[in-house]
Structure formats: structure tokens, C-alpha cells
Amino acid sequence: MAYEVATPVFEGPFDLLLHLILREQVELWEVDLARIVDAYLAELQKLDTLDLDVATEFLLIAATLVELKTRRLLPGSDDIDLDEEFGLWEQRDLLLSRLLECKTFKDASAALQRMAERAERSYARRAGMEEQFLGLTPDLLDGVTPAQLHKAYLKAISPKPVTKVDLEHVAPIRLSVWEAIDELADELPRVGKISFRRLTGQLVERLEIIVRFLAVLELYKQGLINLDQGQRFGDIEITWIGDTAGIAAVDRELVDSYEG
Amino acid sequence: MASEVERAIEAILMVADEPIPPDLLAQVLEIPTARVEEICAELATRYQVDDRGFVLARVAGGYRYQTHTDLAPYVERFVLEGQSARLSAAALETLAIVAYKQPVSRAQVSAIRGVNVDGVMRTLQLRGYVDEVGRDPGPGQAVLYGTTPLFLEKLGLDSLRELPPLGEFVPGAEVVEALEQGLSEPS
Amino acid sequence: MASEVERAIEAILMVADEPIPPDLLAQVLEIPTARVEEICAELATRYQVDDRGFVLARVAGGYRYQTHTDLAPYVERFVLEGQSARLSAAALETLAIVAYKQPVSRAQVSAIRGVNVDGVMRTLQLRGYVDEVGRDPGPGQAVLYGTTPLFLEKLGLDSLRELPPLGEFVPGAEVVEALEQGLSEPS
């Protein structure tokens, strides 16, 4: 049973993960992973300067989450190669240290908030100079020319820069995991059986494939499809075993709980 | 031990930037005006006895803190040495907006600059470069500001018509208005 | 009997509209900076002992008069527009990262928060709490950000050294354990 995320707005995946694990005290296994990965994808799309380090790390963490969850869901996942195991530990440690760092600053910000609240209760005197001394103050307009004033006006009324970066070339991935589920639940009952490779053959972006893969895992978890992998790293055979109503068969409650 | 109202009066007068009439203090503190005057007189005496560098003066129908006249030489030196002698970029932009758009309210200037301009406007007014010139006839009756003769004199201008004209590259009134609208909405 | 310099400091701070650094007071009064700091500390204590409604605070590297926090309810009734808008949780978290890790680039802040912070950083810069302080010498020359004196004023701090050490906020063992648990495989 997937953990239902019925929570308000989260600021990105770290926020969501911290909330789920620390507040709701659920384990990742119970978490509706699709939502978290979607949160990652959404953030990735929003990065307006394409910072490779940040983007790579986001992807790595999203991939770690997917892998952690896959291990739980895929059949025959108990025989695992040790190197892979170590790699996964490493990635999990990275995710853990990221979450700890994020939490540290969250708590620090709460302290800053308390300081600001206290400071706000004390109002500063800003009365400024008494009239009798004003005559002494150096003339502030000394050396200012009408041309400078004109320039300052043009600067003041010019629209404030609003950074908007064209992201078209980054091929934004618009599909969310739940949209992919809907799509598959519509398509699979009609084809009955298909390999994962064929299912994703048209897709170019790795992220899109990951999204499809997560959708397949959700359907598997809900008992709507069967997965069969002839050999490790081999293609995965997907067989629809739900009723033919297709999309209606998907747990609507889960879908409804998702508002990414 | 000072009383709560006495301390409240000190606090309010400390943040006020003009003389505060006793009625207003009485109203805020919910005590009779006569009591306010009594307390202010006591405070004034107290500062004098304690030999403070400031006094509580009754000026223009209200109370305010002022420097003690004895200390004028120090304050003068502070004014001469301490004040930065040039208008900040923020102040110059604010002044420019008032000059070109007068009569204009503080809220309108704020909207154009995208920041609160109360402090800057007060400085400009204290310096005598801008002044209140009327009130917006619309709801709210906002105070409208314009530039002063001193401003013209300092810039070496005879009249506002001598300000450099705004060229055609300046956004039209409707663009500026749309911009103001957009910026004035809380984000 | 208060000393002349003590009274002069009171008078100067009364006409100041921003925190006045001790160096400037020392220069105007022709006394050592250390003496200014001594006198200001004495004055602050004196106001406290006398139970005044105002305090002499040290904020953002200077001295200024402020109201006593106790009296906020009265002052609020009087100050109509003073309150600056509250910062959102997102803005505060971003501000905390800039405060502790400055100089820091937007990408670095993004990586820590796990979200894009471009919009929030722009807001913080517009409100004057952070500003560009330089550029990363490495490839890409990312703009680096730091906090401003206004940030210190907002928090009522004299300097960044007064921020509580970040170590105080590192999650305790139970949180680390809960997170490890949350991320671990079921056995």
C-alpha cells in the first residue's frame, strides 16, 4: 500500500522527503515515490541557468531513489552483486548527507526567524536631523546636472530585469509519473503484452524512460501487470493482468492524491 | 521604577519623526490628555535632572526629543564630518521620478522604484528639494509631492520646462502605468 | 553629573537616522574609539537601570536608539506602516544558507535546498537583505552573494559573528537515525 501524500505545498524533493520521514515517520518503501521523483523533475526543469553540477546531482539523487525503490519491487532482487551494493550504499549516503545539510539550514532559519521577530519588536529612531542643523549639511545636489537627473529617471522607469531563460533547447520533460501511468493503463490493456524496450523505443530522454519505468513499477505494485525478466539486465516483459477497463482500474485514490 | 505609560510615551516619542500632540498620545494610551501633559512635564524634568544630552521639548503643539542646546557644537561637527556629501543613487532616482512625474504620491514613487521610499522621501523633503503640493482627490487622499524652487536653483534651472525632455524611447504612459500596477501588487 | 562627551553622544545619536559606527563618534568627539564604546555601554546600562522606554542598541556595526521590546504593543498602534513584510519560509531558508556560507553562488544554495532559488534570491536582493559580493574565480565566474547591513538590522545583530554557530543546528542522533531508517532497505 503506497503512502498517501495528502499534504500541502512542498518546496522540492528534500522538503518532501524530510517531511515524510521525520514528521510522518514513514519509510521510503511506503512512500509514493512517483511524487518525489516528479518533484525532482519539476525542479530540474526550473533551473534556469543550466548548471551541470546541480543538474547532475539532482539526477543522481532521483536515480538513487528509483533504485532504492526498484530493489524492493522487482522480482528476484535478492541476489545482488556486491559492487552494485556498495555503489548503492554510497549513493544513499550522499542522499542522507544532503538531507542532513538541508535540515541543518532549515533549523538555522527557524532561529533566524525568532531573532527577526524579536528585533521587530524594537523600533529604531529615524527622526533624522533637526531643522537648526540642516543648513550646515553639505548640499547633496552639488555637482548633480539635469542630464544626470534625466538618466536616473530613465533608469528608474525602465522595467526591472526579469530573468527568463528559454528552456526549449533543454527538452523539458512534461510527463509526470502519474500521467505516464494513465497513458500505460490506457495502452497496455489493448496490447496485452509488450517488452519495456519496445514500450520506450520512441523515447529519447533518459528521464522520460525513468518516468515510464516508475509508472510500470506502480502498476506492478497495484497488481495490474506482471513483470518477467528472462535474464539480468535483459528486457522486461510486461503483461497486463488487470481487467480490460484499463485506466479505470488504476487506483484513482492514489492518482487523486497526487497533485504535482 | 517608571510607570508603563511613562515608558510608552518615551517609546512613541523616540520613533516619531515630528512633534506628537498630547491628544494623540492620550488617545493611543487611553488616558486623559491632562495626564499625558503631566507625565511629559515629569519626563522633561527627569532628563534635565539626570543631565541628559537631549531634552523633551514642546514644539508646534506637540512633544518631541531634541538635542540639548549646549551640545550644538558637537552636533554641528557630526553634521559636517559625518554626513555623506552626495545623493545616493536611490535618492537621485527618487528625486528624478518626483521631478518628471509631479504631482506624485509616495505610493506611486514606491511602485515605480519597486522599494519603499519613505525614508528617502523624508530626506529629500528635509533637504528642501521636494515638498507636499496637494492631495490626491481620489479615495485615500494621498499626499502629492513636487519639486521646490530650491531644487530648480540647485540644478541651475529656471523652470521645470528646462528639464531634459523625455525622448521617444521612453515607454508610453500606459506602459509605465502597467508597470506600476504590476509592481504594486504584493508578490 | 554626566560628562560632556557622554551628553554629546546622546545628542548625536538623537539626530542620526542610521546606526552610527563608534569610529565616527570617536572622530567627531576626538576621543579613542574604545572610550566611545565604554561610554555607550554605560549609557545603555543607565537607561536600563532607569527603566527608560528606549534602549541604546548596537546594531549592524553602530549605535542607535530603539524602543524597548516590551512596549511594542503601544508603538505598533502608533506606527502605521512601519512593519516590513514577513519573510516566507523559503526566503528565510535561503537567507540562512547565504548568511552562513557567504560568499556563495545561487547554484550552491540550490544544491543545498534541493530546489531552484533564482526567484527567492531576486526577492531577497530586491529587499536589500543580500547582495552580489563578487564572482567565483573558477570557470563560469558565478556571481557570489553575501548578506547586507540591512540583514543585520533585520535580525538585530551587530555583526555576523553574533549568529549562533551552525553546529548548534546539526541534527541530533535521533534525527540521523530516523533518516537512515527511512532510507534503508527493509530487512
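Within every chain, numbering begins at 1; the chains are lettered A, B, ... in the order of the sequence lines, protein sequences first and strands thereafter.
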Can you see whether C:Tyr47 engages C:Glu10 through a side-chain donor-acceptor pair at a distance of less than 3.5 angstrom?
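Yes, because at least one side-chain N or O of C:Tyr47 sits under 3.5 Å from a partner of the opposite role on C:Glu10.
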Just by modelled atom types, is the [Y] backbone N or O under 3.5 Å from a matching donor or acceptor in the [X] side chain?
| X | Y | answer |
| --- | --- | --- |
| C:Thr67 | C:Phe54 | no |
| A:Arg121 | C:Ala72 | no |
| C:Thr147 | C:Ala99 | no |

Among C:Lys101, C:Arg113, C:Glu18, C:Glu153, which residue forms the greatest number of heavy-atom pairs with chain A at distances under 4.5 Å?
C:Arg113
Top contributor to chain A interface from C:Thr94, C:Thr69, C:Ile97 [non-hydrogen pairs under 4.5 Å]
C:Thr69
Counting heavy-atom pairs under 4.5 Å to chain C, which of A:Ala111, A:Ala124, A:Cys102 comes out on top?
A:Ala124
Top contributor to chain C contacts, counting heavy-atom pairs under 4.5 Å, from A:Leu96, A:Leu99, A:Leu18
A:Leu96
Using non-hydrogen atoms only, which part of [X] is less than 4.5 Å away from chain A: side chain, backbone, both, or neither?
| X | value |
| --- | --- |
| C:Val176 | both |
| C:Leu71 | neither |
| C:Ala16 | backbone |
| C:Pro164 | side chain |
| C:Arg64 | side chain |

Taking A:Glu117 first and then A:Arg114, would you say they form a salt bridge - that is, a charged N and a carboxylate O separated by under 4.0 Å?
no
Determine, for C:Arg122 against C:Asp118, whether the closest basic-nitrogen to carboxylate-oxygen distance falls under 4.0 angstrom.
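No, this pair does not count.
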Option among C:Val104, C:Val120, C:Asn116, C:Leu95 that satisfies the side-chain contact (heavy atoms from CB on, under 4.5 Å) test with C:Val109
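Single pass found, and it is C:Val104.
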